[in-house]
2 protein chains.
Amino acid sequence: MDLFVSKYINKIDKKGRVSLPSSFRNVLPKANRNEIILYKSIKTPSIEGCGVGRLKEIAKRINNLDFFSEDYDDFSTSIFSEIVTTNVDREGRFLIPEELKLYAGIKTEAAFFGQGHFFQMWEPKQGLKNTEDSRRRLLKEKKSLRMMLTQQK
Amino acid sequence: MDLFVSKYINKIDKKGRVSLPSSFRNVLPKANRNEIILYKSIKTPSIEGCGVGRLKEIAKRINNLDFFSEDYDDFSTSIFSEIVTTNVDREGRFLIPEELKLYAGIKTEAAFFGQGHFFQMWEPKQGLKNTEDSRRRLLKEKKSLRMMLTQQK
DNA sequence: CATATACCCATTGACGCCCATATATTCCCA
DNA sequence: TGGGAATATATGGGCGTCAATGGGTATATG
């Protein structure tokens, strides 16, 4: 499986370390399995993460913008300067930068939510509530959810 | 990771030295890891920097502008004639030329902002404000920033 | 000779590596 | 198929190394 799926709640130890769920580690390319990138989610008070390969994709896209436009600077600044890279140690743990922890309200535990090609980290209570809210919103539009799930390609 | 990412705020000591963030040093080619180039940003009161290899890329970008346009001359002059090369010492520190420091209003601290293939140095307060402004402009077009981050290849 | 700059050494705190353990999971065999 | 061994995962903690910073001194360069 090369997708981030399922959810996990892991503890943050005294040193600030937290285990990246084992199944998430296996999604990272074997070459860069000890490095992940993190950034603030745009829409929610959560942290998003993924492997470095994805960052290179993003870099390529930004590089294709007009170098002298304002958009270029805005994207470049908002993305590259807000992204942090973090090393995963031999036991599969990493440090969450203080600023990101504050942004997500994470203190002693972090909830990991698989999102396919990336994952999110939430303060557990807020994260679970967000899941419920998401589901509730989807069910209100049952028809479109049905289509989404049953449609053949 | 071969991109300049994340942001750091480092001190400038009595001798005018400042540490190039360790992760930035690692982006420089091993061959010329002790040399960087700096120039005034065209659009903002900041200093831009990168490894020497990047110069060719900049030249290409400028070359793609209409040769007879006023922009061509302006960019060409503003960038090439203003470029300075600086040596990084064994501890990873370098001197910011006085003229560039003045241009960016940098005094006792410098904020480093990763921009992918290059980086920017700002007076910390101004730099952080710039980041906020950038992000605010982009959030007005939430869709485009989201696409940039989540789109699959 | 005077000023600027590079090299060397030192200090501090943060982080990565190593070792250890408890629990959970898988695997294997009788 | 049940039980136990082997393995993996999440977690805890000691300690060495490295990054950021400070300062002395040699050296270059005009």
Side-chain angles (χ1 to χ4, degrees), chain A residues 1 4-28 30-38 49 52 84-102 106-114 119 121-124 127, chain B residues 1 4-28 30 32-38 49 52 84-102 106-114 119 121-122 124 127:
Chain A
M1 171 62 63
F4 298 104
V5 296
S6 188
K7 64 168 181 282
Y8 307 86
I9 296 180
N10 288 346
K11 288 177 186 164
I12 297 175
D13 69 20
K14 291 177 196 168
K15 294 181 173 183
R17 298 175 299 189
V18 64
S19 287
L20 184 66
S22 163
S23 79
F24 284 15
R25 292 204 289 272
N26 293 329
V27 178
L28 304 176
K30 318 93 216 139
N32 295 72
R33 188 150 286 184
N34 60 338
E35 194 175 18
I36 55 174
I37 70 170
L38 302 174
V52 293
V84 295
T85 67
T86 307
N87 289 356
V88 179
D89 73 17
R90 283 227 296 176
E91 283 73 35
R93 295 173 293 193
F94 65 98
L95 295 171
I96 311 175
E98 205 53 38
E99 187 183 342
L100 295 184
K101 270 204 286 198
L102 282 176
I106 292 174
K107 291 185 184 114
T108 63
E109 286 187 322
F112 292 79
F113 293 88
F119 61 87
M121 297 170 59
W122 287 74
E123 186 284 317
Chain B
M1 173 59 57
F4 297 103
V5 296
S6 190
K7 63 165 180 278
Y8 307 86
I9 297 180
N10 288 346
K11 290 177 184 163
I12 296 176
D13 69 19
K14 291 176 196 168
K15 296 179 176 182
R17 298 175 299 189
V18 64
S19 287
L20 185 66
S22 164
S23 78
F24 284 16
R25 293 202 289 272
N26 292 330
V27 179
L28 304 176
K30 316 95 217 136
N32 295 71
R33 190 150 285 185
N34 60 338
E35 192 175 17
I36 54 175
I37 71 170
L38 302 175
V52 290
V84 293
T85 70
T86 308
N87 289 2
V88 179
D89 74 17
R90 283 227 300 175
E91 283 73 34
R93 295 173 291 193
F94 65 98
L95 295 170
I96 310 174
E98 204 53 38
E99 187 185 344
L100 295 184
K101 269 206 284 199
L102 282 176
I106 292 173
K107 290 182 185 118
T108 63
E109 287 186 321
F112 292 80
F113 292 87
F119 60 87
M121 296 170 59
W122 287 74

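So that the names make sense, note that chain A is the first sequence line, chain B the second, and so on, each numbered from 1.
- Residue A:Ser19 places none of its side-chain N or O atoms closer than 4.0 Å to OP1 or OP2 of D:dT9.
- C:dT23 atom C1' lies 17 Å from atom OH of A:Tyr8, rounded to whole Å.
- Residues A:Thr86 and A:Ile36 are in side-chain contact: their nearest non-hydrogen atoms beyond the backbone lie under 4.5 Å apart.
- Summarising the geometry, the separation between CD on A:Glu98 and C1' on C:dA14 is reported as 13 Å, rounded to the nearest angstrom.
- One interatomic measurement links the two molecules: CZ of A:Arg90 to C1' of D:dA8, which rounds to 15 Å at whole-angstrom precision.
- The backbone N or O of A:Leu20 sits less than 3.5 Å from a side-chain atom of A:Arg25, completing a donor-acceptor pair.
- Donor-acceptor pairing under 3.5 Å, judged by distance alone, is present between the side chain of A:Glu91 and the base of C:dC19.
- Look at B:Arg25 and you'll find a side-chain N or O under 4.0 angstrom from OP1 or OP2 of D:dA20.
- Rounded to whole Å, atom C1' of D:dA10 lies 12 Å from atom CD of A:Glu109.
- Whole-Å rounding puts the A:Ile96 CD1 to C:dG16 P distance at 13 Å.
- A heavy-atom distance below 4.5 Å is found between the side chains of B:Phe94 and B:Val18.
- With rounding to whole Å, A:Phe94 atom CZ is found 12 Å from D:dT11 atom P.
- Summary of the strand contacts: A:Val88 and B:Leu95 both lie near DNA chain C, and taking for each the nucleotide with the nearest heavy atom, the more 5' one is attributed to B:Leu95.
- Listed pair B:Arg17 / D:dG22 fails the phosphate criterion, with no side-chain N or O lying under 4.0 Å from OP1 or OP2.
- Aromatic ring pairs are classed by plane angle as parallel below 30°, tilted from 30° to 60° and perpendicular above 60°; the pair A:Phe119 and A:Phe112 is tilted.
- Minimum atom distance to the side chain of B:Lys15 is reached by D:dG23, of the listed D:dA10, D:dG23, D:dT11.
- The distance from atom CG of A:Asn10 to atom P of D:dG12 is 11 Å, rounded to the nearest whole Å.
- The nearest whole Å value for the distance from the NZ atom in A:Lys11 to the P atom in C:dA24 is 11 Å.
- Nearest nucleotide to the B:Asp13 side chain, out of D:dG22, D:dG13, C:dC18: D:dG22.
- Checked against D:dA10, D:dT21, C:dC7, the side chain of A:Ser22 finds its nearest nucleotide in D:dA10.
- Side-chain atoms of A:Arg93 come within donor-acceptor range of the base of D:dG12, with a qualifying N/O pair under 3.5 Å.
- Using a 4.5 Å heavy-atom threshold, the side chains of A:Thr108 and A:Ile12 count as separate.
- Within 4.0 Å of A:Ile12, counting heavy atoms only, lies no atom of the nucleic acid at all.
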